[in-house]
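Encoded as structure tokens, the structure appears first; notes follow it.
The structure displayed is predicted, hence computed values, not measured ones. Numbers restart at 1 for each chain; the letters A, B, ... are given by sequence-line order, proteins then strands.
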Amino acid sequence: MSDQRVLAKEFEIIAALLEISGANAFRVNATKKVSRVLQDFEGDLHAIAATPGGLEALDGIGKSSAEKIRQWCDAGTIDELETLRSEIPPGLIGLLDISGLGPKTVGRLWRETDIVDRAGLARGIEDGTLAALPRMGAKTIANIKDSLEFAEQAAERTSIGIALPLAELLLEELGSLPGVNSIEYAGSLRRGCETIGDIDLLATCDDPAPLIETFTQAPGVTKVLASGDTKASIRLKDGIQVDLRIIDAEAIGAARMYFTGSKEHNVKLRHLAQARSLRLNEYGLFPDDGQQEPPQQRGIAPIAAATEEDIYAALDLPFHPPELREERDAIEIPPPPLLTLADIACDLHTHTTASDGHLPIAAMAEEAMRCGYHTLAITDHSRSSVQANGLSVERLLEHVAAIREVDAATPGIRLLAGSEVDIHADGSLDYDDDVLAMLDLVVASPHAALRQPPEEATSRLIAAVSHRHVHVLGHPTGRMIGRRPGLEPDMRAVAEAAAKHGTALEINANPSRLDLRDRHVRIAMESGALISINTDAHAAAHFAFMRYGVLTGRRGGLTSEQCINAWQADRLLAWLD
DNA sequence: GCCGTTTTCGGCCCGACTGTTTTCAGTCG
């Protein structure tokens with residue numbers, strides 16, 4: 001893990017310990033923000049720490065945090081963290097993740113009981129220690145017990161590849177109920193995040209009660225977490241939480257904006273609203289008359305509420321698509337026109353039964369035509385990928401001939417004979433130049449040695465993108481979300497080399513990969529590198545992964561101009577030549 | 001702890017729901 005990622009975790013721990021100790025909530029928030037800034041930071045942490053004022057120039061990092069970061073760079077520890085650790089049992093941090101337990105309660109456990117970790121909590125529930133605390137009734141304790149058991153076995157976040165199809169299924173089922181006028185998803189799912197904490201649904205309907213009832217009693221619901229007049233939360237049997245909110249149709253824009261987030265984007269919007277003597281909440285943008293009671297409860301008409309566009313316009317801001325509403329996205333700057341799924345006209349990285357795919361060439365061509373593509377590249381594995389049945393030079397030559405044969409026999413789509421060539425640890429490729437030269441398209445990808453140090457990874461990938469026969473750098477880091485971190489190269493250096501040599505960087509659209517990731521796409525855009533979004537399809541169903549790649553591209557600010565999959569066939573072919 | 005077109009002090013987003021409590025604290029998103 002890179003230094004800034006390790007340090008981001010340290011600040012996360014500081015924030016959690018401060019929270020338990022009862023520190024000022026704004027100080028806790030500020031510390032959490034430092035963690036997020038470090039998490040997102042791309043560049044050389046030690047270099048920026050050594051530059052006077054360098055750290056302080058980052059939004060959210062002030063003098064005090066900069067000092068701590070420099071201390072960590074020099075000594076490998078932070079005094080404040082060591083002090084906190086010596087005072088507060090670290091096992092308490094694991095209690096903050098249990099739904100229903102917040103900082104106040106965990107702080108109480110620390111000061112007033114002998115419960116210092118999850119095992120202690122389980123004991124305290126049984127032996128009555130918990131029940132002795134104020135405001136701890138039977139129901140609260142039962143909820144905590146349930147959350148504790150759930151937290152012990154649940155995965156942290158759900159892949160968008162699981163959450164999005166599930167959400168679409170829910171929309172179909174709930175949307176067909178009588179009296180439901182509209183239903184849609186919001187939240188991190190709508191922003192296209194690679195993993196989803198829970199699914200947020202927004203509905204407009206004639207009568208909320210029957211919808212809430214159907215929702216909370218649906219098959220697959222293992223627990224009803226909340227059920228009110230306008231909001232309900234359930235947990236499904238696979239552990240995913242779904243929140244449903246009932247919205248007034250006139251205020252759907254404000255609700256969309258509010259529940260899509262991100263939280264940080266909303267906070268920025270509220271700040272700007274305040275500066276204009278306005279008040280923004282999930283019911284609309286209102287004039288701020290200084291009264292405490294929410295304006296919508298006093299019959300005050302909103303200035304804007306029906307659409308998100310109205311609200312941005314009323315704040316004199318450009319519209320931001322959901323994918324560009326993260327903390328890192330500047331709010332005043334108009335976003336570029338983003339690539340859409342409809343722009344995608346080809347897939348340039350797919351596999352067949354020749355290596356480890358499930359379909360023969362002709363069947364893959366059929367699927368690509370169903371997607372409306374003008375071109376499909378067949379790129380089976382190279383010889384080093386033994387586990388994936390990689391092709392020897394001899395088998396590759398036969399395969400190329402077979403691809404050209406199917407291409408000639410299949411009007412309506414152009415098939416490219418390519419290869420996904422292994423990039424060896426030293427940056428050399430798995431086939432000789434004369435072999436690569438006869439291919440229509442070369443995707444070069446790292447598959448092994450994915451734990452090599454960042455400097456080696458950087459030169460390895462720069463060597464690949466600089467190679468005269470390489471068109472696309474496939475899944476550049478080799479990461480698998482939640483399973484392995486992959487390479488951590490200096491992505492700006494790789495992107496600059498790619499831009500210089502006219503090589504495209506891939507967004508591998510498989511939802512387990514999404515590699516490049518969103519923040520790397522941003523760097524590629526800034527460096528002027530081209531992007532190629534490919535599904536790496538090994539089966540018919542994998543062609544549908546394209547949308548996850550497009551979402552990731554959009555989160556990085558990708559335009560159709562800079563994405564070679566959006567180009568017309570002749571332009572693409574000219575570029576390949 | 002951070003920040004500044006109300007600037008070096010005094011703020012820091014806002015509402016729903018639950019459970020325990022008789023008016024609201026704590027948690028969540």
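Within 4.0 Å (heavy atoms only), A:Lys32 reaches no atom of the nucleic acid at all. Contact annotation for A:Asp229: backbone-only contact, meaning every heavy-atom pair under 4.0 Å involves sugar-phosphate atoms and none involves a base. Within the 4.0 angstrom heavy-atom criterion, no nucleotide atom of any strand lies near A:Glu80.
When the P atom is compared between B:dT27 and B:dT21, the two are found 15 Å apart, to the nearest whole Å.
Contacts between residues 253-264 of chain A and DNA chain B, counted as heavy-atom distances below 4.0 Å, involve A:Tyr258, A:Lys263.
The distance from atom CG of A:Leu58 to atom P of B:dC2 is 12 Å, rounded to the nearest whole Å. Residue A:His271 contributes atom NE2, which lies 13 Å from atom C1' of B:dG10 at whole-angstrom precision. Atom CG of A:Asp97 and atom P of B:dG29 are 11 Å apart (whole Å). The nearest whole Å value for the distance from the CG atom in A:Leu55 to the P atom in B:dC3 is 12 Å.
Ion pairing between A:Glu10 and A:Arg85 holds under the 4.0 Å rule for side-chain N and carboxylate O.
Here the side chain of A:Phe26 is nearest to one of B:dG15, B:dC13, B:dC28, namely B:dC13.
Between A:Asn29 and the phosphate of B:dG1, there is no side-chain N or O to OP1/OP2 separation shorter than 4.0 Å. The phosphate of B:dC17 has neither OP1 nor OP2 within less than 4.0 Å of any side-chain N or O from A:Ser227. For A:Asn281, a side-chain nitrogen or oxygen approaches OP1 or OP2 of B:dG15 to under 4.0 Å.
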Expected list for residues 239-253 of chain A: side-chain donor-acceptor pairs under 3.5 angstrom, two or more places apart:
{"from": "A:Gln241", "atom 1": "NE2", "to": "A:Asp243", "atom 2": "OD1", "distance (Å)": "3.0"}
{"from": "A:Asp243", "atom 1": "OD1", "to": "A:Ser233", "atom 2": "OG", "distance (Å)": "2.7"}

Enumerate donor-acceptor pairs with a distance under 3.5 Å from any side-chain N or O in residues 198-206 of chain A to protein atoms, sequence neighbours excluded.
{"from": "A:Thr204", "atom 1": "OG1", "to": "A:Ser182", "atom 2": "N", "distance (Å)": "3.3"}
{"from": "A:Thr204", "atom 1": "OG1", "to": "A:Ser182", "atom 2": "OG", "distance (Å)": "2.7"}
{"from": "A:Asp206", "atom 1": "OD1", "to": "A:Asn181", "atom 2": "ND2", "distance (Å)": "3.0"}

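Within the shown strands, B:dG4 is the pairing partner of B:dC9 under the Watson-Crick or G-U definition, both distances less than 3.5 Å.
Where A:Asp59 and A:Ile141 meet DNA chain B, the nucleotide closest to each residue was compared, and A:Asp59 sits on the side nearer the 5' end.
Between the side chain of A:Thr31 and the main chain of A:Ala15, no donor-acceptor pair closer than 3.5 Å is present.
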